[in-house]
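The structure appears below as structure tokens.
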Number of protein chains: 2
Amino acid sequence: MDTGDRLLTPGEVAALFRVDPKTVTRWAAAGRIGSIRTPGGHRRFRESEVRALLEGEGAAVVEEMREDDANNRPRNAGPTNPGTSYGPPNGLR
Amino acid sequence: MDTGDRLLTPGEVAALFRVDPKTVTRWAAAGRIGSIRTPGGHRRFRESEVRALLEGEGAAVVEEMREDDANNRPRNAGPTNPGTSYGPPNGLR
DNA sequence: CCCTAGTGGGGTAATTGGGGGA
DNA sequence: TGTGTCCCAATTACCCCACTAG
């Protein structure tokens, strides 16, 4: 994997997350996402990093709820990585 | 490759289900619906999954209601009538 | 050289998240 | 049991204008 990550523009990342490009800029400013700056000051994001965020953060039961587990229904039994520390690296709160 | 599903905000999903955004949040917290979190902590829901839930409740999912579980999970037999035009999921602005 | 589109920065309003109680 | 509503704090969306990217 030679870093074949393509660089995405804020608008691309914003469309992926369904947020405003400005919000993506704030993530980079807050250090929540890696950003590469162009000589002009614009930012570029790595596709691998964006994809990791999209699928890794909330990866939950994408499968339909099957009845085969009628044995019992653990509400939170997913490997969802429970307190995954979704983020606030800085104990902001 | 992508399922082609856009991401919806809690408010959008809440409007589709006619419930409060808080309720939608609880569904995600309970693992009943897939949720993708933004680096900021907000949630995004997949349009395909929301639609599957909306259409599935009132239409034909031939999925048989299994034994004891049926007792545990009562089907909402209300005249939800989602089959008709509830609202254009295309609330994109 | 000029042009269009996108991006950045700051500020303000609206939405969202989490907990608690009805 | 499940949902609606209250609190507060954080995050996000849209406004302006100026500059970069191609």
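Protein chains get the first letters and strands the later ones, always in sequence-line order, with residue 1 at the start of each.
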Qualifying ring pair (Phe, Tyr, Trp, His ring centres under 6.0 Å) pairs, either residue in residues 12-39 of chain B, two or more places apart: B:Phe17-B:Trp27
For [X], side-chain contact (heavy atoms from CB on, under 4.5 Å) partners two or more places apart:
X: A:Leu8; answer: A:Arg6, A:Glu12, A:Val13, A:Leu16, A:Glu47, A:Val50
X: A:Thr25; answer: A:Arg43
X: A:His42; answer: A:Thr38

Atom-to-atom span, [atom1] of [X] to [atom2] of [N] - whole angstrom:
X: B:Glu12; N: C:dA14; atom1: CD; atom2: P; answer: 17 Å
X: A:Phe45; N: C:dG8; atom1: CZ; atom2: C1'; answer: 11 Å
X: A:Arg32; N: D:dT11; atom1: CZ; atom2: C1'; answer: 8 Å

Quick one: which of [options] gets closest to the side chain of [X]?
X: A:Arg26; options: C:dT16, C:dG18, C:dG11; result: C:dG11
X: A:Asp20; options: C:dT16, D:dA13, C:dG8; result: D:dA13
X: A:Thr23; options: D:dG2, D:dT12, C:dG9; result: D:dT12

Nucleic acid footprint by protein, nucleotides 16-22 of chain D - heavy-atom cut-off 4.0 Å, B for base, S for sugar-phosphate alone: ----BS-
Comparing B:Arg18 and A:Trp27 on DNA chain D - which has the more 5′ nearest nucleotide: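 Upstream on the strand: B:Arg18.
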Per-nucleotide pairing state of DNA chain C [Watson-Crick or G-U, under 3.5 Å; [ ] pseudoknot-crossing; | other strand]: ..|||||||||||||||||..|
OG-CG distance between B:Ser48 and B:Leu53, expressed to the nearest 0.5 angstrom: 11.0 Å
